[in-house]
Each structure stands twice: as C-alpha cells, then as structure tokens.
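Here the structure comes first, spelled out in structure tokens, and everything after it is commentary.
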Amino acid sequence: MHFGKLYCYTNRMEEYYDIAKAYFRGTISAADEKRLSEWLNEDKHALLFRIWEDEWRKQAKAQASEKTKAAWEKLRATGEWQKANASKPVIQPLNSLRWFRYAASVAVFAIIGGLAWWLWPNAQEPFMAQTDVQEQQNFVLSDGSEISLNESSSLACAENFGKKTREVLFEGEASFSVAKDAERPFIIHSGDFSVTVLGTEFTLRAYPTDSIYTLQLTSGKVKVQYLQDSLLAETGDLVQFNTVSKLFRKKLEASNILLSDLVNRLERLYDVHIEVGDTALANETLFISINTDDSFEDVCVALEALLPIVIEQEEDHYRLAAQ
Amino acid sequence: MISTAEFEQLFFEYQPRLVRFAVRYLEEEAAEDIVQNAFLKLWEKRDEVKLDNIQALLFQMVRNECLNELKHRAVIGTESLDGLMEVGGSEQLYWQDFAPDADAVLIGDELQQQIDEALTHVSEKSREIFAMSRQQEMKPKEIAEELGITRQAVEKHINAALDALRTYLPKNLLPLVAFWQVILLYE
C-alpha cells in the first residue's frame, strides 16, 4: 500500500522500552534478546535505546537488585579495594568537565563564528560542551535544563546565559529538556536558524552538513525561526527545516498517541469533524508520522490500514467505525 | 583515570547486563565471579584507563573469561559443546550495545573453530571417536562395539584428542594491553 510520505506504525515502542529496561537490569529473556537486537538494527532505534539507557544510568544504583548490591559489597570488601582507598584520596570530581577549558572554548567559538562577539573574553568562563564521533555527553545547565548531546556536536552558552535570556549556540544533535522559565526564554542558535523555547522537551538535529534540520517535540511549545520566517510547533510535532530551500515543513509525529487525541489534532489540522464510533477504539494507541501537507484522504487510508476500522464520510464530517 | 564514584556508577550500571551475558554460557555463580573479576581488574588499572568506552573493555574482559572457562571445561570434559551452540537469545545484542564497531565473533563459533584447529593434531580416527563420545554422548563401550575395536583402543583415541585440546587450545589473553593501545589511539 502506498502512503506517499506518510509513515505509520501501530505503536509497539512501549513494548521495546520495557524490553530494553529488562536488558539493562539483566533480566531479559532469550526471546527478547533476539527481538531487541533486531529492533536495534534500525538507526532511529539506536538513538532511542541510548536515551533509555541514560534514564537507566540515573536510576541504576537506586534500582539495583539485591544480587547486584551484594556483589558490590563483596567487591568493596576485597583487599585490593580497601588498600586503594586508604592510600589514594580521590582528586577527580565525578563530572570532570574537561570542556570547561577556556582556551578550547574560544577556539571552537571562533569556528562557529557569526556570533563570536558574544563570547568576548571575560572573567567568567562560558559553559561549553563538545562531543567526538561516537561520544555522548549529558549535562545540566545552570538554569536546570538537561541536555543530552549526541556525537560530533557542540553546545556553548552565551556569556550572559541566564540573565535576561538563556541563549546557546548549537551544532549537531541533542535532546533538550528545558527548565520552565517564562521570563527568560531559552533560545538555541544554529547559524541564522533558531528555536525559542519556554519549557519543553525535544530533540534537535542541526549538523552544519545536514540539508534538513529536524526538531521532534516531545512536549510543550516552541517557535522555530529562520531570519523573518517562523513557525510554532506543539507537542508531537516534527519540524523540518530545509537548509537549501530555507523552507519549513511540519509533520505531526507522535509515539503512543491515543486515537482520541490524534483525532483532536487532525480536526484542527485539517479543519474537519471526526467522530469516533466506540470508546474501545478511542483508546487505541498509535505511533504515527504525518506530513502536514499530506491530504486528509491519505491519512484516512493509513488509519484504515492500521486499525480495524472503516471511515465514513459526509462532506467534512468523518466517522471512524469499528469493522 | 576513574574515580571511586565513577567506578561505583559503572558497576551498578553494567554489572547486571554483564552477568546476564555470562549466564548465557555458564551457571550463575561462575558468571557472577567472572564479572566480579573483570571489575576488580578494572579497578586495579583505574589510573591507566580513560572513562570513554570502558563498557567495551568490560565486555571484552567478561567475554574472554567466559571463553576461557568454556575451554577449560572442554578440556576436562564437563561441558557438552553442542549445548553451547544451542544457546538461545542473541549474543549479537551485547555486541551492538557494548562494542558496535568490533568484529563480532560469537563465542560458540570461536570456541568451535579453536577446537577444530586443535584436533587437526590428532588422527582422523581419534577425531571421529572423540566426536562420538562428546557430540553423540556415546559410552566408550558402545563406540567399541559399533567400530569393532577394543574399549582400550577407544579410550586411547579419546585421550589423544583431550591431550591435543590441552596442548593446542590457546587460552585467550585478557585484551587489556590491546585495549590500552586502542584507547590511546582514540585520545
């Protein structure tokens, strides 16, 4: 079946989330090992897996099993451990932020260019993070925003970050969980392209070499801007910015969206009325990606393929009925 | 250079899935010991390692020790190697997670290959009899009857094969040295 640029999957993400969690906890079954391995072979999934792993990383100690705790105690009781800790005070702090180094940050800012005036030497060192190929870094900015920087990416805070605004320079790919602060908007600059945020979660991909930048909004609202052009995006939207044509394109993308919520969004998007035949149907969840320039008919075809439904139409009134 | 706090974090983060990996091949107690030893070795070397990619190093240490233990058992004859080939699940998954760029050689394949190689040092007859004893789990008396030779002759062939395994089955060295070099290269 041909859906044009419409991608739809019935949602099984949740299931893989649980399997991944079992894997991190060391309790995965042999059958699930196979399934997770196959699922991981898809590019997009590997990124998702690493995001889940970060979540586990933060909870690993708190959620450790009795067996792991016992093994840890046993290890701490060995002579090697005792000896080492008696003679060797730990100097290195947990998050040794080597990218704090001032000299390095100046050099990289010069490359980013354009907005270099921001970062004129000052007594206070600006925050700067950079990742290599196959490296990821997670950190929390001074305003409490959490950032997970993917490979070959960089992020630098403006010198006056947190005063009137929270502005950062960014290249590459990262997930942002921006702390809410309506007074001081969080603004991400990638050249002339920018994203203004009030408090939300999203993933942004904007490598200088990309022909299309993408922003996937998990929750909240953001404004994306290129020079004078701007676009508002809300929960579930996927925004693409074509760096060649300089045009924006918005997609509706959501994992785990309830059919009833999806219907609300489709009604607004296409200015139609949609009625859901029965409540069991309204509680179906979907993983869905729709280009906003796809026609509503395309969407109907996809929904009929995904769910055991038929869609009846009367002018701009649609009814989803169970088959 | 790994601090105590970083080491503790690494332990809680990776110990569960490394034990799960080792349990694919060994019983739980042996699996836990192998993982424990890998962490101890890492602790001993903590001044020399960089925090990047430590999980790949841990994984290699655990994998190698599993393989060594299996070889040891192959030699002393407590492990049916066929069972190993039938381990379900996916070793591939652990490679994808821990060392996505490495050439993933499955433990069963590597072990089988090394055993086959070691057994090239004995006669075809010994190989055949050894296979009957190990893979088809036939008793020396049954083999003797089937081949029409004496039981003592059967045992001599089996012992020759075992000797070859003892002599020619190489113990995998811990990849520590190799890994330091890789880590330095990437620095």
Side-chain angles (χ1 to χ4, degrees), chain A residues 19-20 22-41 45-46 49-50 53 56-65 67-72 74-76 78-81 83-85 88-96 98 131-137, chain B residues 1-24 28-29 31-47 50-53 55-56 62 86-101 104 106 186-187:
Chain A
I19 295 176
Y23 170 70
F24 299 137
R25 290 198 179 103
T27 55
I28 191 169
S29 70
D32 283 348
E33 276 181 353
K34 268 210 172 112
R35 296 180 56 206
L36 185 59
S37 174
E38 280 157 19
W39 183 84
L40 263 177
N41 274 330
H45 294 167
F49 178 78
R50 292 302 170 197
E53 189 186 22
W56 159 251
R57 189 163 288 141
K58 288 172 198 147
Q59 312 159 341
K61 212 181 145 186
Q63 297 193 359
S65 68
K67 274 183 181 163
T68 298
K69 282 186 204 156
W72 174 245
K74 205 170 126 195
L75 191 137
R76 270 159 49 98
T78 56
E80 193 58 38
W81 175 271
K83 202 167 61 195
N85 276 322
K88 215 176 268 175
V90 177
I91 305 157
Q92 201 96 335
L94 176 56
N95 291 312
S96 66
R98 59 196 155 89
T131 54
D132 274 338
V133 177
Q134 293 211 350
E135 186 193 357
Q136 272 198 328
Q137 280 180 18
Chain B
M1 177 81 178
I2 309 172
S3 72
T4 314
E6 283 164 342
F7 183 81
E8 183 174 4
Q9 172 68 29
L10 284 171
F11 185 89
F12 281 99
E13 199 175 319
Y14 293 112
Q15 191 263 5
R17 70 187 105 148
L18 288 170
V19 170
R20 176 68 187 85
F21 172 78
V23 162
R24 297 168 48 77
E28 196 162 340
E29 207 188 326
E32 277 175 7
D33 283 350
I34 279 176
V35 173
Q36 197 83 347
N37 282 334
F39 274 104
L40 268 177
K41 285 209 176 78
L42 179 66
W43 178 248
E44 285 163 21
K45 298 278 179 191
R46 68 194 174 283
D47 291 343
K50 264 167 56 97
L51 201 52
D52 303 352
N53 226 14
Q55 69 276 27
V62 169
E86 285 154 22
V87 172
S90 167
E91 183 175 340
Q92 193 62 34
L93 171 64
Y94 297 85
W95 280 102
Q96 284 166 299
D97 179 21
F98 283 101
D101 274 348
L106 301 188
Y186 278 111
E187 208 160 24

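Below, chain A is the first sequence line, B the second, and so on; all start at residue 1.
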Toward chain B, the part of A:Trp72 with a non-hydrogen atom under 4.5 Å: both
query: So which heavy atom on B:Arg20 is nearest to which on A:Ala30, and how close?
result: NH2-N, 3.6 Å
task: With rounding to the nearest 0.5 Å, note down the distance linking OG in B:Ser90 to CG in A:Asp32.
output: 11.5 Å
- request: Sort A:Ser65 into side chain, backbone, both or neither according to what part of it lies under 4.5 angstrom from a heavy atom of chain B.
  value: neither
statement: When the 4.5 angstrom heavy-atom criterion is applied to B:Glu32 and chain A, the contacting part is side chain
- prompt: Under 4.5 Å between any side-chain heavy atoms of A:Tyr23 and B:Tyr94, yes or no?
  reply: yes
- request: Could you tell me which of B:Asp97, B:Leu40, B:Leu18 has the largest number of non-hydrogen atom pairs under 4.5 Å with chain A?
  value: B:Asp97
query: Side chain of A:Glu33, backbone of B:Glu91: donor and acceptor closer than 3.5 Å?
result: no
field: Most chain A-contacting option - heavy-atom pairs closer than 4.5 Å, from B:Phe7, B:Phe21, B:Tyr14, B:Phe39
entry: B:Phe7
- prompt: Among side-chain atoms of B:Gln15 and A:Thr68, is any donor-acceptor pair under 3.5 angstrom?
  reply: yes
- prompt: Is any NZ, NE, NH1 or NH2 atom of the basic residue among B:Arg17 and A:Glu53 found under 4.0 Å from an Asp or Glu carboxylate oxygen of the other?
  reply: yes
task: Over all heavy atoms of both residues, which pair between B:Phe12 and A:Ala64 is shortest? Give the atoms and the distance, please.
output: CD2-CB, 3.4 Å
message: One thing to verify: whether A:Arg76 and B:Glu8 come together as a salt bridge, which I'm taking to mean a side-chain N less than 4.0 angstrom from a carboxylate O.
response: no
- request: Heavy-atom distances under 4.5 Å only: say whether A:Arg25 touches chain B with side chain, backbone, both or neither.
  value: backbone
field: Nearest heavy-atom neighbours spanning B:Pro16 and A:Phe24
entry: CB-O, 3.5 Å
query: Does the side chain to side chain contact (heavy atoms under 4.5 Å, CB included) test come out yes or no for A:Asn41 and B:Gln96, once each step is laid out?
result: CA-CA 8 Å; A:Asn41 274 330; B:Gln96 284 166 299; 2.9 Å; yes
field: Pair A:Lys67 + B:Glu28, salt bridge at N-O below 4.0 Å
entry: yes
Top of A:Glu38, A:Arg35, A:Lys61, A:Gln59 for chain B proximity - count of heavy-atom pairs under 4.5 angstrom: A:Lys61
Which portion of B:Asn37 sits near chain A, non-hydrogen atoms under 4.5 angstrom: neither
task: State, yes or no, whether a side-chain contact exists between B:Trp43 and A:Thr78 at a heavy-atom distance under 4.5 Å.
output: no
- prompt: Is the shortest heavy-atom distance from the side chain of A:Lys34 to the side chain of B:Leu93 under 4.5 Å?
  reply: no
